[in-house]
Amino acid sequence: MTKWVYMFSEGDATMRNLLGGKGCNLAEMTKLGLPVPQGFTVTTEACTQYYEDGKKINDEILAQIMESVTKMEEIAGKKFGDNENPLLVSVRSGARASMPGMMDTILNLGLNEEVVNVIAEKSGNPRWAWDCYRRFIQMYSDVVMEVGKKYFEELIDKMKEEKGVTEDTDLTADDLKELSAQFKAEYKSKLGEEFPTDAKEQLLGAIQAVFRSWDNPRANVYRRDNDIPYSWGTAVNVQMMAFGNMGDTSGTGVAFTRDPATGENKLMGEFLINAQGEDVVAGVRTPQPISELEKIMPEVYKEFVDITEKLENHYRDMQDMEFTIEDKKLYMLQTRNGKRTAKAALKIACDLVDEGMIKEEKAVEMIDPRNLDTLLHPQFDPQAIKEAKELGRGLAASPGAASGKVVFTAADAKEWDAKGEKVVLVRLETSPEDIEGMKAAQGILTVRGGMTSHAAVVARGMGTCCVSGLSEIKMDEANKKFTLGDVVFGEGDAISLDGSTGAVYAGAIATIPAEISGDFGRIMGWADRFRVLKVRTNADTPEDARRARELGAEGIGLCRTEHMFFEGDRIDAFREMICSDTVEEREAALEKILPVQQGDFEKLYEALEGNPVTIRFLDPPLHEFVPTEEADIKKLADAQGKTVDQIKEIIEGLHEFNPMMGHRGCRLTVTYPEIAKMQTRAIIRAAINVKKNTNLDVKPEIMIPLVGEVKEFKFVKDIVIATAEEEINKAEVKLDYEVGTMIEIPRACLTADAIAKEADFFCFGTNDLTQMTYGFSRDDAGKFLDSYYDAKIFEYDPFAKLDQVGVGSLMKMALDKGRPVNDALHFGICGEHGGDPSSVEFCHEIGLDYVSASPFRVPIARLAAAQAAIKASK
Ligand code: ADP
Ligand code: MG
Ligand code: MG
């Protein structure tokens, strides 16, 4: 029989997959002898089973849950629904990977009218009893019955107003009792049934709600962003309550063993006296810093500090902990490796190595490559920032610089972002419903909430700049306005945030790029020692190439030459080429482009300092280049000695119904060999010049796109070789070059053995290969991918993260067919996937020689490649 439920005393930290992160760490803390309220964990497998059984908890699982309830009652010496000694529990979700705020928790479960009276009387603290009850009804209604928090919050606000108080803690037992009655009435009016009174019924309702919450929309979005598979499921923890809301000798808080924003090695945290559960995080009141606890309850503080040290030494990583003090008795409710900013992650990893806690290999493994993104993003220009007007300072909740237009709702942020506007989301506080809007924003500014508020935690996770708790803001959400200092901001007004200092500025401020140094440099240095894959970059300009070199690129994996045709007056010459009637006319036009293109390549080779440069021949359909403006058409007509109508006719003739599958790639060379000749000349002449002038060893790699048939490849290659040899002979130099192909059409994979005989290299163009394999246009897929996520057909965007099953099989096939035919053949990838960590890991596994990523993703690819190699060596 499967074991679906584990008591905390039966598990440990190695059982994360089964017990979830929260559950396995509660078990581990129990094992370490720490004060943990006891309970049990229903496994992640039970969650999967629940879905397999059509969203039902089957009898076997049910029986095991009930058995465990009995065991827990024995440990506690209390019983569910008892009139002497009633047991109250929390029901908490916990997946393998932590998903802060994504799923729901219910506290004080087990209460009903009778039980409240029992605990009120026995404790002599009716305020506490009724506070528990109203919280329970509120959370249960929200989570289990999805009634919605808002109604209850409105009722609380109304009550506070009637009583003339501002804080929840000022409400009396009678007020809270009255609120509980109102809540229950609200529940009944919304659901048409009484609030459940039976503890076991409440418990099953809550467990099912946690299972259900695995599938809620915000959890689905979070998983997609964090590479967490749907199939993992969540565990459910049922735990005896520790009460932080019993009065002035009780409280609740959260703490980190190191600063999650900077990585500084000092205990950091916040707590609230006489509070429960999420009060600290939700920003109900402004919490006190953890150091204050030393003054209020010195013994508890000392015990807590000892535990934090013990935990950090045990896990050998920064811990994020939740605790509750019930009448001066400390309870640990959670510990986990804390989320942190990228900067903090690097510092902590380096410090742990220096402190002898971990090895360098572990330090490399500890950094989430996706997080590096933030460090690679711009900071404010120091000059511009000096001149900027600072309006106020909140908490520096998540670093980075953000400039954008003010929006007031998550929905607006999403909508404006879709229109291509950069926005800053300004809110009183954020909640998990805001997640998509937060993602769409450049930065997030909140009026309320501390360093551990929802906004702060989520923004750090996403690497989005965030300033929280700027309480001087006078917010008028209803009218989409707020005042800060003497400035009134409305929707669409420009604002800038510095997430590293907490400063807020009026207007948009210029930014500058980041650089790799210090801890970042050390980690990257270690990563380079472990990785096997080379990392190149996709760069079209010398500036991009230099940037990528600084970020560690070891070559160019893809230079898209079409971008070079748009600049300045080149486009005119190119349009002349397109609208030519004869080969001679075309050649004349191309002759004008040749020297400029050659100049570009020279700069590119120089920027790469002798590292490999792969240049791809012109790829997009020609009609993308033709003029659309009347004036441009006229200009072209004049240059060509044609009439406007004649030009329009030519343009008309270039129209394609399905240009992605149309006249592009190597097909252009088949119809216009002159283009390939010109590009070859430019590539070879540039190489000869740079070799002569700089002594750099230049070896161009010429890449022919969109090949699906070896004869296509051979046709273009013959032109390249004939032209190149002519140039080389004329210059009387020695120059090596390679001619390879982009593998981006399924047929190229299917016939890779034939192509391998002719090609010097294969570079997987996985953008097109994904498009062609799925038969989805990558420009249109965005319109229906959301429905695919909702229907669970896709869990992620295959254009961002490689489809290893389908596209990956084609890649493997190409390798398997190509390798035996040609020893010298080398392999790379230059689609977007080259900078995606899980895709990089796949590339390592199948044995590519290099990945090529956009410049800013080069460090991410380096780290991901190192992690793949470390993982594979284990
Ligand atoms: P999350 O994963 O969102 O942090 P948790 O399950 O940790 O959710 O719980 C939410 C809040 O309730 C936390 O502050 C936690 O410490 C508190 N809490 C959970 N279980 C208990 C309990 N048994 N006693 C007291 N507080 C609890
Ligand atoms: Mg929660
Ligand atoms: Mg928690």
Side-chain angles (χ1 to χ4, degrees), residues 8 19-26 29-30 34-42 72 75-76 78 87-111 128 131-132 135-136 138-140 142-143 149 203 206-207 209-210 213-214 216 218-219 222 234-246 250-256 269-272 274-284 287 304 319-327 329-339 430-432 435 450 452-454 456-458 461:
F8 291 168
L19 302 180
K22 201 177 285 165
C24 81
N25 287 331
L26 283 168
M29 286 199 290
T30 300
L34 302 184
V36 177
Q38 287 301 293
F40 59 84
T41 305
V42 186
M72 185 165 65
I75 300 170
K78 296 179 179 176
L87 173 68
L88 302 189
V89 298
S90 66
V91 176
R92 319 171 63 188
S93 64
R96 268 195 229 181
S98 103
M99 298 169 62
M102 284 305 119
M103 291 175 298
D104 299 305
T105 297
I106 297 164
L107 303 179
N108 312 323
L109 185 142
L111 284 173
W128 161 68
D131 187 48
C132 288
R135 285 173 187 271
F136 170 54
Q138 213 176 329
M139 283 186 255
Y140 193 86
D142 175 34
V143 175
K149 286 195 194 68
L203 179 66
I207 292 175
V210 172
S213 73
W214 179 248
N216 75 31
R218 55 177 206 257
Y222 186 91
T234 181
V236 186
N237 303 288
V238 179
Q239 184 177 29
M240 283 156 54
M241 283 304 300
F243 297 102
N245 57 340
M246 284 189 123
S250 301
T252 184
V254 295
F256 297 88
E270 293 169 326
F271 72 100
L272 274 176
N274 197 11
Q276 190 176 51
E278 308 251 80
D279 288 2
V280 177
V281 190
V284 175
F304 181 66
Q319 294 300 294
D320 167 0
M321 300 149 300
E322 293 174 4
F323 63 95
T324 282
I325 303 160
E326 177 180 323
D327 194 18
K329 166 97 185 71
L330 174 67
Y331 290 99
M332 296 303 295
L333 294 173
Q334 188 171 336
T335 194
R336 62 174 175 225
N337 295 342
K339 296 223 180 269
T430 63
S431 69
I435 189 103
T452 51
S453 65
H454 177 265
V457 171
V458 172

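Everything numeric in this text was worked out from a predicted model, so none of it was measured. Every number for a ligand or one of its atoms is a count from 1 in the order of the listing.
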_Metal check, the Mg ion (ligand 3) vs Thr105 N/O/S, cut-off below 2.8 Å_ = no

*Which one of Gln38, Arg92, Met139 has a non-hydrogen atom at the shortest distance from atom 7 (O) of ligand 1?*
Arg92

_Using only atom types and a distance under 3.5 Å, with no angle test, would you say the side chain of Lys78 pairs donor to acceptor with the backbone of Leu88?_
no

*Mode of Lys22 contact toward ligand 1 - side chain, backbone, both, neither (heavy atoms, under 4.0 Å)*: side chain

_Within ligand 1, which atoms have a heavy atom of Gly277 less than 4.0 Å away?_
11 (C), 12 (O), 14 (O), 17 (C)

*If every non-hydrogen atom of Thr324 is compared with every non-hydrogen atom of Phe243, which pair is closest and at what distance?*
CG2-C, 3.9 Å

_What I want to check is whether the side chains of Ser250 and Asp327 have a donor and an acceptor closer together than 3.5 Å._
no

*Residue selection (non-hydrogen contact nearest atom 18 (N) of ligand 1) among Val280, Thr252, Leu107, Thr324*: Leu107

_Closer than 4.0 Å to some heavy atom of Met240 - which atoms of ligand 1 meet that?_
22 (C), 23 (N)

*Has ligand 1 got any nitrogen or oxygen that is less than 3.5 angstrom from a nitrogen or oxygen of Pro37?*
no

*asked:* Show the nearest heavy-atom pair for residues Ala235 and Thr41, with the distance to one decimal.
replied: CB-CG2, 3.9 Å

*With rounding to the nearest 0.5 Å, note down the distance linking CZ in Phe8 to CE in Met29.*
9.0 Å

_Please name the atom of Glu322, limited to N, O or S, that comes nearest to the Mg ion (ligand 3)._
OE2

*Per-atom contacts of ligand 1 with Thr105, taking only distances under 4.0 Å to non-hydrogen atoms*: 5 (P), 6 (O), 8 (O), 9 (O), 10 (C)

*Does a donor on one side chain and an acceptor on the other come within less than 3.5 Å for Asp131 and Gln276?*
no

*Min N/O separation Gln334 to ligand 1 under 3.5 Å*: yes

_Treating Thr252 as the side-chain partner and Ile325 as the backbone partner, does any N or O pair qualify as donor plus acceptor under 3.5 Å?_
no

_Per-atom contacts of ligand 1 with Ser90, taking only distances under 4.0 Å to non-hydrogen atoms_ = 19 (C), 20 (N), 21 (C), 22 (C), 23 (N)

*Of the backbone atoms (N, CA, C, O) and the side-chain heavy atoms from C-beta on, which set of Glu322 has a member under 4.0 Å from an atom of ligand 1: side chain, backbone, both, or neither?*
side chain

*If you round to the nearest 0.5 Å, how far is CG of Leu109 from CD1 of Ile207?*
9.0 Å

